[in-house]
Engineer: 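Let me begin by handing over the structure; questions about it come next.
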Amino acid sequence: MTRPDVLIIGAGSAGSVLADRLSADRSRAVTVLEAGERVEDPEMRMPQLWPFIQQRSYDWAYRTTPQPRLAGRSLEWPRGRGLGGSSMLHAMAHMHGCRADFAAWAEATGTERWSWDGLEPFFDGLEEAGGGPLPVLHPTPELSSPLVGSYLAGWESLGVPRIPDHNRGEMLGATVNALTIRDGRRVTAADAWLEPASTRSNLTVRTGVLVHRLLIEKGRVRGAVYSSRSTGGALETVLADRVILASGSIATPLLLMRSGVGDPAVLAEAGVDPVVESPALGGNLHDHLLGAGNIYRTRRPVPPSRLQISEAMTYLRADDLGASEGRPDIVVGCAVAPSPSEVYAPGLELAPGDGFTLFFGVTNPRSRGTLRITGPEVDDAPLIDPNYLDEESDRELFRAAFERARSVGRSAALAEWGAEEVLPGPALTTSDDLDAFIARAAITHHHPVGTARMGKTDDAPVTPELAVRGLEGVHVVDASVFPSITAGPVHATVLALAASFAASLA
């Protein structure tokens, strides 16, 4: 393989933006290595099918360890494998987050670069409205499900403000989701950035390449050791002046650990010789949970979604439904179909048009988990322990989120549909029963972050400049560096993070 100036490991959301922005300088040779392939599955393009395309060849199909607070369940954790990464699997909601989220980032890193004001130009510049390539659909009432109109009216009757979208710095309120959809089809990060750039002679994109470990010499990352179809599984090495890890919150820290970076005790147990001590690597793992769900039967048919089923989200303060500024505590989403967790799915006899779901969850969970390797090889399964609902504050807010979901579900506006609660059912009223329901109903919202957090203190694995502490020549640019999760879906923030980093190298 020809030696590049920049080696990007991962062609997902961050990797696609990086590849485009960095190869725009034609004097810079850029190579991208991706474990997956270019995905041709037509169902991946169909927004309404996003919940049903997991476990296919383009899903890493991770699983968590059994979770004590989730009735001992082990959750599926889909992550995209192929050009576009998890933008091939996610629900296409596009949210910038809120000012308060990024104020916490600025405090953690000691720089306004990661504040709302520091990042907002990059959010805007990614989108078609700001001159970028990413389409962001703001559904009109004619395109949205008529059920969503009733859902939003229900919140208004409860004193919750109606907001234009989730992308103006304040998220408190109810609105339809902005979506990365064009002409009824999913648009991935690879569609927007990687594919248009792929004709450049200074950009090389290689698929089907597994990176086993980084090549580290005298405190500097010189390149990567990989295998591919063309090598017949044999290990080869590629050298580069700069290496950027953009493989996501799971694969990036695992690669660093296999390379000898991490907690020495964890590495030794996995049979890896420590090279750089980074005890916090793999810690700070957190994710959004959603209760799936508060489900209602309707007496008139709910039309099939023309979008992606989960059409609207309402962000709230637990103690003040009318609040319009500041950080939300809880979220309630509206899916225009019955959508239970795997525990309830076999027994819930509702056809898609016979009901709807109110998802509910906590926006800024305090519970933290861990990620660790179990062996030195790329195919050694990781231990993923999100430690969901470990903190009492998370459990308390989850109960509050359910009560808010139930309040709008019982509103006069949704009663027009003849809404009748079937899950968990009106008999459930005590905190103990509610906790038991949540334990069986909660599912991942697919937003794992934080496993290589950036920070201004020496215990943070990554610096505010996104460099790996203790090493030269390597940066991390993906959701693993989030110090804390943003209130809504994290995809737009991953894109803005990558755009900001690319600009710093211009």
Engineer: Heavy atoms only: give me the nearest Ser249-Pro448 pair and the separation to one decimal.
Structural biologist: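 That would be OG-O, 2.9 Å.
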
Engineer: Would Arg186 and Glu43 pass as an ion pair if we require N to O under 4.0 Å?
Structural biologist: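 Salt bridge between Arg186 and Glu43, a charged N being under 4.0 Å from a carboxylate O: no.
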
Engineer: How far apart are the closest heavy atoms of Ala280 and Pro461, and which atoms are they?
Structural biologist: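 Nearest heavy atoms, Ala280 then Pro461: C-CG, 3.9 Å.
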
Engineer: What is the minimum heavy-atom distance between Ala224 and Ile9, and which atoms define it?
Structural biologist: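 Looking at all heavy atoms of both residues, the closest pair is CB-CD1, 4.1 Å.
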
Engineer: Identify whether the distance between the nearest side-chain nitrogen and carboxylate oxygen of Asp101 and Arg327 falls below 4.0 Å.
Structural biologist: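 So Asp101 pairs with Arg327 through a salt bridge.
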
Engineer: Is there side-chain contact between Thr109 and Lys456, with heavy atoms separated by less than 4.5 Å?
Structural biologist: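 They are not in side-chain contact.
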
Engineer: Is it the case that Arg81 places NZ or CZ above or below the six-membered ring of Trp60, under 6.0 angstrom from the centre and within 45 degrees of the axis?
Structural biologist: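 Arg81 over Trp60 ring: yes.
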
Engineer: Does this structure show an ion pair linking Arg220 with Glu472, if we count only N-O contacts that are shorter than 4.0 Å?
Structural biologist: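 Yes, this pair counts.
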
Engineer: Look at Asp241 together with Arg222 and state whether they make a salt bridge at an N to O cut-off of under 4.0 Å.
Structural biologist: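 No salt bridge links Asp241 with Arg222.
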
Engineer: Between Asp41 and Arg56, does any NZ, NE, NH1 or NH2 come within less than 4.0 Å of an OD or OE carboxylate oxygen?
Structural biologist: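 Counted as a salt bridge, because a side-chain N and a carboxylate O are separated by less than 4.0 Å.
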
Engineer: Rounded to the nearest 0.5 Å, how far does NE2 of His446 lie from NE2 of His288?
Structural biologist: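 Those atoms lie 13.0 Å apart.
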
Engineer: For the side chain of Arg45 and the backbone of Val187, is there at least one donor-acceptor N/O pair under 3.5 Å apart?
Structural biologist: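 The answer is no, because no donor-acceptor pair under 3.5 Å joins these two groups.
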
Engineer: If we ignore hydrogens and angles and just use 3.5 Å, is the side chain of Thr486 paired with the main-chain N or O of Val490 as donor and acceptor?
Structural biologist: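 No; zero donor-acceptor contacts below 3.5 Å.
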
Engineer: Please examine the side chains of Asp329 and Asn364, heavy atoms only from C-beta on, and report whether any two atoms are closer than 4.5 Å.
Structural biologist: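 No, too far: nothing below the 4.5 Å cut-off.
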
Engineer: Under 4.0 Å between a side-chain nitrogen and a carboxylate oxygen: does that hold for Asp435 and Arg399?
Structural biologist: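 Salt bridge: yes.
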
Engineer: Do Arg372 and Glu269 sit within salt-bridge range, that is, some charged N less than 4.0 Å from a carboxylate O?
Structural biologist: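 Looking at Arg372 and Glu269, the cut-off is met.
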
Engineer: Judged by atom type as modelled, is there a donor-acceptor pair below 3.5 Å linking the side chain of Thr374 to the main-chain atoms of Pro382?
Structural biologist: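 Side chain of Thr374 to backbone of Pro382: no pair is present.
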
Engineer: Examine distances only and state if a side-chain atom of Ser259 and a backbone atom of Val261 form a donor-acceptor pair shorter than 3.5 Å.
Structural biologist: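 Answer holds: no.
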
